Structure formats: C-alpha cells, structure tokens
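Reminder, nothing fancy here: chain letters follow the sequence lines and each chain counts from 1. Given the structure is predicted, the values throughout are model-derived calculations rather than measurements.
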Protein chains: 2
Amino acid sequence: MLSERQMMILRAVVRDFTNTGVPVGSKALAKQLPIHVSSATIRNEMAALEELGLIKKTHSSSGRIPSVEGYRYYVDHLVKPDPLRPNDMDVIQSSLGGDFHKIDEIISQSATILSNLTSYTAFTLKPELKDSRLSGFRLVPLGKRQVMAILVTDSGDVENQTFDVNESVTGDQLEAVVRLINDQLVGLTLPEVVKKLQADIPMKIANYLQSPQGFLDIFGDVLTRAAQERFYVGGRLNLLNFSQDSDVDSLKSLYSLIDKTDDIANVLGRPDDKISVQIGNEMTNDALRNFSLITATYDVDQHGRGMIAILGPTRMPYSRMLGIVGAFREELAKKLLDYYRFYDE
Amino acid sequence: MLSERQMMILRAVVRDFTNTGVPVGSKALAKQLPIHVSSATIRNEMAALEELGLIKKTHSSSGRIPSVEGYRYYVDHLVKPDPLRPNDMDVIQSSLGGDFHKIDEIISQSATILSNLTSYTAFTLKPELKDSRLSGFRLVPLGKRQVMAILVTDSGDVENQTFDVNESVTGDQLEAVVRLINDQLVGLTLPEVVKKLQADIPMKIANYLQSPQGFLDIFGDVLTRAAQERFYVGGRLNLLNFSQDSDVDSLKSLYSLIDKTDDIANVLGRPDDKISVQIGNEMTNDALRNFSLITATYDVDQHGRGMIAILGPTRMPYSRMLGIVGAFREELAKKLLDYYRFYDE
DNA sequence: CTTAGCACTTGTATTGTTTGAGTGCTAAAA
DNA sequence: TTTTAGCACTCAAACAATACAAGTGCTAAG
C-alpha cells in the first residue's frame, strides 16, 4: 500500500517521463511537487518505490523511469482522464459532421480522426451484434464472362467479388447454383456455412457446373472475408515516429502484425465495458514490447457494440489519451445512433 | 567519347559500388580489372571520368562513386541484363502457375512476386486498351435499406459500392435512376460522364429522387475510382531497408506518394516499348531523390498493354534488375494470354 | 522522520591521436 | 606520349582521455 506522498511522486514521475522522455531525478521533483520537502526525502521515497518495482533506473546513477508495473499502478489508481481540449472537440465534431452513406465510412473515418487527435495509430471496429448469419447470396452477370458474387449477412455486412467464368457456363446454371446456396445455407451462421462447404455442398454443385472448383474458391473467398471482423486502421505511418533506434526488423514485424486482421483481433481482445489499457509486455506479442494499447467499446443500443483503440509508445501521456478515447467513443456512438435513426425510420 | 579503358573502369566502379555500397578506389580496381596497369594509371583515368562528371568523390580523399550521370551512361551504354537465375525462374513459374479467376489477381500477385525477386518495392498495372467507356450501371437492392451500386466499363473494369438509402425510396425509383443513367451515359468515356454529371444529370435525377445528393455522391465515387488506373503495390515494407540515416520524414512522404494513385501514375509515366530506367533526381519528385525506378511495359496482343515497375535505391544492381524485369514482363504476358484464351474461347 | 553534505557512478560531449584507405603530383622509365 | 613508382597530403573512423552534469546512496546531525 502506497502512502499519499508516494502516490504523488509516482504520479509525477510518470507524468514527467511521458511528457519529456527523460528520466526524472529527485531534485527536479522536489522543486516541482506541491509539498515542501528536500530532494533527499524524495530520494528515500523513490528508493522505496523502486523496491516495490514501480520505478527503475536506466543506469546506476540515473533518474527514474516507470516500470511496466508502475504504469499499471498509475493507470489503475492515479490517472484521471484529461478533459478534452476544445479544439479537439471541434475536430471530432466537424470530421464526423458530414453526410455518410454507409456505416463503414463512418467507422473508417473514425480511425483517421482518432489517429490525428493522438498522432498514434488507431483501430476501429464497427458495431456487431453476434455471430452473423448468411442472409442472401447472388451472382450478377456483368458482361460476356464476368460475374459478381455478392454475399449478405443478417448483420448487414456485404462482401463481393467479381470473377471470370468460361463462356460455356449459362445463366441458367448460375441461377441454379444461387438457388442451391440460398436453399441450403441461408440462415446458418458463417462458421456453419464453412463446414457445410467442405462437406456435401461441392457434390451438389457438381450437378450444375462442370468444374465447380473455381466457383467454390470464389465463394469460400467472400465467405472468409465476411466472417472476419474488419478493422479499419488510421495513422499507420505514425508508427515510424517511435521506431527507436530505427530497428527496421521490429518495425517490419509490427506492420505485418497490423495488416493481419486475425492477429489484431487477438491483440485487441473481447469487448468489455471499461476503457482498458495494455502496457508493453503485458501484451504477449513481442513486436508490441515498447507499445501500449488503449481499447474501448462503444455502445449503439440495439445495434450492438463496436471497438476503438489506439496504439502508441509505452510512454504515452495516458491522461490525455484516456480523455480522448473516452470522449470519442461517446461522440461516435451518438453519430451512429443518428445514422441508424435516419435510415431506419 | 570514352575510351575502351574508361568504359571498363566506369563499369567496374558502378558494379562494385552497387554491390558493396563502399566507394571504390584505384588500388582495388587495379587488382580486379582484367587489364594489367598500375593504380596510378587508374587514378589518371578516374580523374578524367570525374572531369566528365560521371563519377565523384564523397570527400577529398575518398574512393569514387558513380554520379547520376555515371549511372545514366552505365545503363545506356554499358550494362547488359543478367540472365535470370534458375531459381528465380522457378519462383516466377510456380507463383504464376496456379489457377486464377480474375485478371486483377494475376496482376496483384505479380507485384508480390516482383518485390520478392528484387527485395524492392514493385508496381503493376493491368493491361489497358484506351480510354474506357461506361458500359453498364446497376443498383442491386440487398436488404431493407442497403443498395449496391455497380459500374462496369467496356474494358472489363468493375467498381462497386454499397450504401444505405432511406426506406422511403422505392424500387421503382431506383429502377428509374438506373434507366436514366444507362440511357444517357452508357457509351461515353469516363471523363465525359464526369462532365455530364456536373451538368444536366443532377436535374434529371431530381425527377425521381427527393434528395439526389446522396446518390450523386456514390455514383461520383465509383466513377472516379473506375477512372483511376489501379496500381498494385508489392513489398511496401522493403522501402524501410533503404531509409538511410532513417529519416522518418522522407520515409513518410515516400509512403504517402506510393499510396496516391495519381502521383504514382505520374511518376511511372506513359507506356513505351523499351525497359526504361529513371535514376535519382531525374525524377522530379523530391521524395525519390535516392531511388531509381525501372519501368517496363508488357504486351498482351489485342488486349492491350500494361506496366510493371520496381523502385529501389539508386545504387541497385542494375544488370540483375534489368534481367529480372525483362524476364518477368514476358512471363506475365504469356500467363495473361493463356488466361484470356481460356475465358474467351 | 527529515535534511545537508559528500563521495561515488554514469552518460554525454569534447578533444586529441592513430590508423588506413585513398588521392594528386612529380619525376623517371618505357 | 604513356605508364609507373614514390611521396606528401587529406579525411573518415575508431579509440582513448578528459571534463562535466545529473543523479544516486549513505551517514550523521537536526
């Protein structure tokens, strides 16, 4: 259990270090803190905090920086989200103010806004109700040999892909396939569809198509894409700012990570009511060792909940970032409610 | 006019420097060159080459490196494309060997292959005949309020986008709009369509839709996307390897450049029969000062011609790269001919 | 419990030294 | 006229020595 004074010191160490990036020493703290004690006293307290593993030295005679545990204690007990800067609120309002014609535009735009506000990398995920089910499938002929496959889920997700078919394939055949899919698969959850697709469907399709493999490839393709949660990423390039010692390799693995939807989903974790912070190696992924991730859900009533997240250096100014994330989740929820209200009514 | 010996020296300087990245001195050359002369003689020749602006020193007593003019002379007169390594050909054949269901897959895959072979960044552009014309437009209702807009051009490009419409919009209204678009705009080139879209179309649409702006936005959107040439990029991350002194800012502007289709189109230039090389500041764009770009067209008979390109550091091994690009353009053309043959017949 | 004082540690910056690769120039050899 | 050996000179890179500033832990007194 920390004393009031220790908390004050820990808070100051974290705040100073996240702002300046320089280890903070006892003298500077003594000058800055509201209580009037000498640097020697601070030193004693700092020794105690170090004993507890909350702060550490970069070398034997340096100032202290927070350890991962120190950051953890700070975000759990000491930090208080900053109120949003007026200017930031303006940015949000105006960027989100325009007219949108689809949910995804709003969500993708949100990633950009969030990355601009924070100058970090941002992720957004659109609101989701539950395991979605296949609600419709079409094949739309577009020309001599081009066909577009469209897959719709009951949560309103749409995936599509054009592909080429041999001219010997007739419209009737395509119709038959569409009917088959819709008869057999509509209403099932996507994982169930995938399973059936590996079981009896191929044989049935073979009744209508000479070489069903091409079609199965395409259908499987749109299907897996529809089954994946789709994250939007904003401010990718901001990661470059923190590539300390410009370690190209770790930067590369970081970028590969970001582009793998599955991995991101994994890192971000499951929705959860609070705003949550993951610090440095609390995340299992090695590429994220020097990063922290702030995730939050937002709630759109009967339309489900989505997530937003920002990824920045472990030494990010948490109070400000928590303020931004907190405010943004609310603005986004409001905007989406408006949107649904307009198109639903 | 260079003497035989001077050419030999210039060639060796370029080859050595592109391989090692270290300025090359007279002694090393004397040892390495097939002719038997002393380093002093080499020095004299090098002084002459420097006088001509083909090579230069990094500091007053350093070895020489090629200048942009030196590279230029080298690629114009001295270089001879390396034959492909057997292994490289295997990679091409196997990566391109699978079954594809659309042109774009082949082209996008090509960018990846090319970047793997070179470990640089690669661009590919699909074959194109001429200014394409609008050949069809549809609105496909997908659910209560979702509609997909699909635009097809006579060159086989398809662009689509889903959007939400207010429930008060009826299927009849949508049909009317589709008919209007198809009546008025099909057959025009895309730029012409854009022009008409700013002129009389909005008024006509207002006859059918209460608030046409939403629809016009969407249509304009798919239209501009269709009008843009679409480049595929492979090996983006490879750029990180050459960020000398890890200049974050120039790296950022480089990445922004790469993601702006228009700018890339500009840099790559117009198709042209030869394989062409642009070196360092020969490209006007400042972000490319330390890079070279090799572009080549490939020809698919009556289906038009496309482009491939690789972007790497100015000190790239040109002979090897020219070999790869040359071989790849041919393999790609072959593959595409096969593809068309299969789906056309 | 707090504080002043002091010896000690370490990173950073500066300066000087050495080494090695390379150059230009000159004068002799071919 | 061209080539070559020899030599003085330049510069980057690596290394060592030094001083400095910021910070620490510890002790003894308040």
Please list each protein N or O that sits under 3.5 Å from an N or O in nucleotides 11-16 of chain D, with the distance.
unit_1 : atom_1 : unit_2 : atom_2 : d
D/dC11 : OP1    : B/S60  : OG     : 3.3
D/dC11 : O4'    : B/S61  : OG     : 3.3
D/dC11 : O3'    : B/H59  : ND1    : 3.3

Take the angle between the ring planes of B/F242 and B/F291 and call it parallel below 30°, perpendicular above 60°, tilted in between. perpendicular
Rounded to whole angstroms, how far apart are CD on A/E50 and C1' on D/dG23? 12 Å
Kindly write out the residues that satisfy salt bridge (Lys or Arg N to Asp or Glu O under 4.0 Å) with A/D273, not counting sequence neighbours, or none if the list is empty. A/R305
Would you say a side-chain N or O of B/R43 is under 4.0 Å from OP1 or OP2 of D/dT3? no
Heavy-atom check, side chain of B/R5 versus side chain of B/V37, under 4.5 Å: yes
What residues form a salt bridge (Lys or Arg N to Asp or Glu O under 4.0 Å) with A/E282, not counting sequence neighbours? A/R72
Has B/S67 got a side-chain atom pairing as donor or acceptor with B/K56's backbone, closer than 3.5 angstrom? no
side-chain hydrogen bond (donor to acceptor under 3.5 Å, both in side chains): which pairs involve residues 22-34 of chain B, sequence neighbours left out? B/D16-B/Q32, B/S26-B/R43
Which is the 5'-most and which the 3'-most nucleotide of DNA chain C that has an atom under 4.0 Å from a heavy atom of chain A? C/dT2 to C/dG11
Enter the inter-axis angle for the ends of the helix from C/dC1-D/dG30 to C/dA30-D/dT1 (five pairs per end, rounded to 10°). 20°
Can you tell me how far C1' of D/dT24 sits from NZ of A/K27, to the nearest Å? 11 Å
Quick check against the 3.5 Å criterion: does B/T314 have a side-chain atom that pairs as donor or acceptor with the backbone of B/N290? yes
